[in-house]
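We number each residue from 1, following the sequence as shown.
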Amino acid sequence: MRHPHSRVIATRIGRSLVALATIAALPSAIAAQPAQADGPPAYLNARLSTSARVSDLLGRMTLEEKVGQMTQAERGAIDGDRDQITALALGSVLSGGGSVPADNTPSGWADMVDAYQSKALATRLKIPLLYGVDSVHGHNNLVGATVFPHNIGLGATRDPRLVKEAEQITAVETKATGPQWVFAPCVCVSRDLRWGRTYESFGEDPRLVKEMAVAIEGFQGRHKRDMATNRHVLATAKHFAGDGDTVFGSSTSGTYTIDQGVTVTDRKTFAKIDLSPYVTAVHRYGVGSIMPSFSSVDWTEDGVGNPVKMSAHKELLTDVLKKKIGFDGFLISDWEAIHQIPGDYATQVRTSVNAGMDMFMEPYSAPQFVQTLIAEVKAGRVPMARIDDAVRRILTAKFEMGLFEHPYTDRGLAPSIGSPRHRAVAREAVAKSQVLLKNSRRALPLRGNERIYVAGVNADDMGNQAGGWTVTWQGSSGDIIPGTTILEGIKQNSSHVTYSADASAPMSGNDVGIVVVGETPYAEGVGDVGNGHTLNLSDADKANIDKVCAAIRTCVVLDVAGRPQIVTDQLSAMDAFVMSWLPGSEGAGVADVLFGKRPFTGRLPVTWPRSEAQEPINIGDRAYRPLFPYGYGLRTRTGHHH
């Protein structure tokens, strides 16, 4: 989206008991209402169970108020006229990538979110607002937040404990500024490196993705009640399902080639590869919300050629996810995703609601959505039971999060945003994410007394090492956030460093050359290969490798990118080759492993191809001849061996 403990048996029994309790409570609740007319309504009584509070509130709501709860607007659309929140009884507001307050500081954020909240609390029923934001590698819209490596780097760490801690910190930094809900983690399984969202995936093997789904526990806490504290947020598993497994060339969104395309598969394979992380997200971690994908699924069982958009997919949203898997949270649509469903707007709304969508991210068309859905219900084309189910799910989350008791921002942990302790965890994640792919003549680790020549723009570009989804949706090059670049990290370890972005400065007298190559930022389908992008190294990067590796005895190449790049022809020239991914704000973590302060332990979370034409290539393929296999990664010890 753009701007986007085994509980199975327990929940089943719990659900039956809740159902029985609800049925049992109905007559008394109805009978009790007149008596409570003077006192506060039952739904505001925090001592009652969540289901009793939801039932009481739902029974008081008009159709208009219910539809309002199902609607999410972008802050940019309502900021100029905040009374729209009250008039439409909006359930939610979001900040898309780069949608930030004029004062992009923790207090600027909290003041803005609280101002919106006061408008929601001015409604008849005073139902608090849920504020959502894309905290996909830290609270990345906020300048000064701790920015972690993107998920592909976290996948390379093979360290679920560390991933959980990173998301816990992200939850703290996000909630201290107002938003209580994050559109993360992406539990996508990336099966084709040409996908522009590859770096948002933990890897190509569903087993690894399921291990890293512990990210949800980092966000939400271990128990539902943890979300009511200032240390946790509501998480969103995305994008349900198959978003990383679409066929190259199948996208019909603008100039995208693979993002938002079609997953062509049979139900059994789909369950094994694409669906399995969601089973873990629901059963093991009780994820509170799930975002259906922009992509479509085309089942091979009935012949290829009839894809169905995920936002319209009743079989997968309702029959599989809600009924079979037992997801009891709510579904939030992706950014204007229902606009991609065939038919006019009324058909799009009706189709998606009836398929099982609960809340609608209609960033700039919230008033039209509300009006349309009300008309569809009144015309009998959307059953009232479906509306009640959606609103029950949304209200349940709001009660569980304690929003009715504490609707405004708890700013108590704001001083920890970007703190040394938080940055130290990010730095550890960077170090553990580094994958050593070649190390001949024991080029690494460095000793620290060498004369070092550093080349390449990505050695000293904070925006490039943070990647997309950083301050803005697409991210940007340059000094956009505070932190440490890779070059600054190297300089902290050596007093003899020459830096030349284009390798034009004289090289004689240097012992080690470090060439930093890679990508510039992109997000989503904008980064698709074939849409102005390629997996090949740039001419400038190739020239830097040629020059430096020819002139300096020991040559180390670092790749700062969201996915493997084609280095097949350059590999023999290098003594050492390191995949650095998109490390985020703490470039010093890269230097930590180069200089042996920490060992290299990272392993590839995706297969490294020999050529772009080899894509898609994945572990388990019959003909599997990659440049580096899935799981590959050389290790070093800490300390120096002379």
Side-chain angles (χ1 to χ4, degrees), residues 148-149 153-159 161-162 165-166 420-421 423-456 458-460 465 483-499 509-518 545 548-549 552-560 567 571 573-605 628 631-642:
F148 290 90
L154 297 179
T157 68
R158 296 300 199 278
D159 189 341
R161 178 206 59 80
L162 182 63
E165 191 178 4
R421 192 190 80 74
R423 289 180 184 274
V425 175
R427 180 172 176 170
E428 179 190 353
V430 172
K432 287 184 172 173
S433 73
Q434 302 299 293
V435 183
L436 183 59
L437 295 167
K438 180 179 179 179
N439 193 28
S440 57
R441 297 190 294 122
R442 287 165 74 184
L444 294 176
L446 302 173
R447 290 190 296 279
N449 59 356
E450 303 94 339
R451 306 189 80 83
I452 300 171
Y453 185 99
V454 182
N458 279 10
D460 196 32
Q465 77 181 42
T484 309
T485 66
I486 293 169
L487 178 66
E488 286 164 348
I490 291 169
K491 285 180 170 173
Q492 288 168 8
N493 287 273
S494 170
S495 47
H496 309 290
V497 180
T498 303
Y499 176 58
N510 286 291
D511 308 305
V512 177
I514 299 177
V515 186
V516 188
V517 300
I545 294 171
V548 175
C549 294
I552 301 175
R553 187 176 173 269
T554 300
C555 181
V556 178
V557 176
L558 313 179
D559 193 5
V560 174
V567 294
L571 196 59
M574 317 169 187
D575 295 298
F577 179 48
V578 178
M579 186 52 179
S580 294
W581 311 110
L582 297 170
S585 60
E586 308 311 306
V590 178
D592 286 341
V593 289
L594 292 179
F595 290 90
K597 288 181 171 173
R598 286 182 180 272
F600 274 99
T601 55
R603 293 163 55 200
L604 287 179
F628 299 108
Y632 189 78
L634 303 171
R635 293 180 166 241
T636 55
R637 295 198 195 89
T638 42
H640 309 294
H641 313 284
H642 308 307

The side-chain hydrogen bond (donor to acceptor under 3.5 Å, both in side chains) partner of Asp592 among Gln492, Lys597, Arg427 is Arg427
To check you understand the geometry: which heavy-atom pair defines the closest contact between Arg423 and Ser585, and what is its length?
NH1-OG, 3.5 Å
Between NZ on residue Lys432 and CZ on residue Arg598, distance to nearest 0.5 Å:
6.0 Å
Closest non-hydrogen atoms of Ala431 and Val593, given as atom of the first, atom of the second and distance, are O-CG1, 3.5 Å
CG/Asp575 to SG/Cys555 distance, rounded to the nearest 0.5 angstrom?
6.5 Å
Checking Arg603 side chain against Gly631 main chain: does a donor-acceptor pair fall under 3.5 Å?
yes
Let me confirm one number: the CD-CG distance from Glu450 to Asn493, rounded to the nearest 0.5 Å.
10.5 Å
Quick one: do Arg635 and Thr601 satisfy side chain to side chain contact (heavy atoms under 4.5 Å, CB included)? Show the steps, please.
CA-CA 5 Å; Arg635 293 180 166 241; Thr601 55; 3.9 Å; yes
How many angstroms lie between CD in Gln434 and OG1 in Thr636, if you round to the nearest 0.5 Å?
11.0 Å
Using a 4.5 Å cut-off on heavy atoms from C-beta on, say whether the side chain of Val430 contacts that of Val590.
yes
Which pairs would a plain distance check flag for residues 483-491, meaning a side-chain donor or acceptor within less than 3.5 Å of a matching protein atom at least two apart in sequence or in another chain?
{"residue": "Thr485", "atom": "OG1", "partner": "Asp460", "partner atom": "OD1", "Å": "2.8"}
{"residue": "Thr485", "atom": "OG1", "partner": "Glu488", "partner atom": "N", "Å": "3.2"}
{"residue": "Glu488", "atom": "OE1", "partner": "Thr485", "partner atom": "N", "Å": "2.9"}

Any side-chain heavy atom of Val548 sitting closer than 4.5 Å to one from Tyr453?
yes
Close side-chain approach of Arg158 and Pro605, heavy atoms under 4.5 Å:
yes
Smallest separation among heavy atoms of Lys438 and Leu571, with atom names
NZ-O, 2.9 Å
Look at the side chain of Gln465 and the backbone N and O of Gly584, then say whether any donor-acceptor pair between them is shorter than 3.5 Å.
yes
Gap between atom CG of Leu594 and atom CG of Leu558 - 0.5 Å precision
5.5 Å
Stepwise side chain to side chain contact (heavy atoms under 4.5 Å, CB included) check, Ile514 with Leu446:
CA-CA 11 Å; Ile514 299 177; Leu446 302 173; 4.1 Å; yes
Would you say that Trp581 contacts Leu154 through its side chain, given a criterion of any heavy-atom pair below 4.5 Å between the two side chains?
no
Nearest 0.5 angstrom please: His496 NE2 to Ile452 CD1, how far?
9.0 Å
Over all heavy atoms of both residues, which pair between Ala429 and Thr157 is shortest? Give the atoms and the distance, please.
O-CG2, 3.7 Å
How close do Ala576 and Asn439 get, counting heavy atoms only, and between which atoms?
CB-OD1, 4.0 Å
Nearest heavy-atom contact between Val435 and Gly633 is CG1-CA, 3.9 Å
pair Val556-Val512: side-chain heavy atoms closer than 4.5 Å
yes
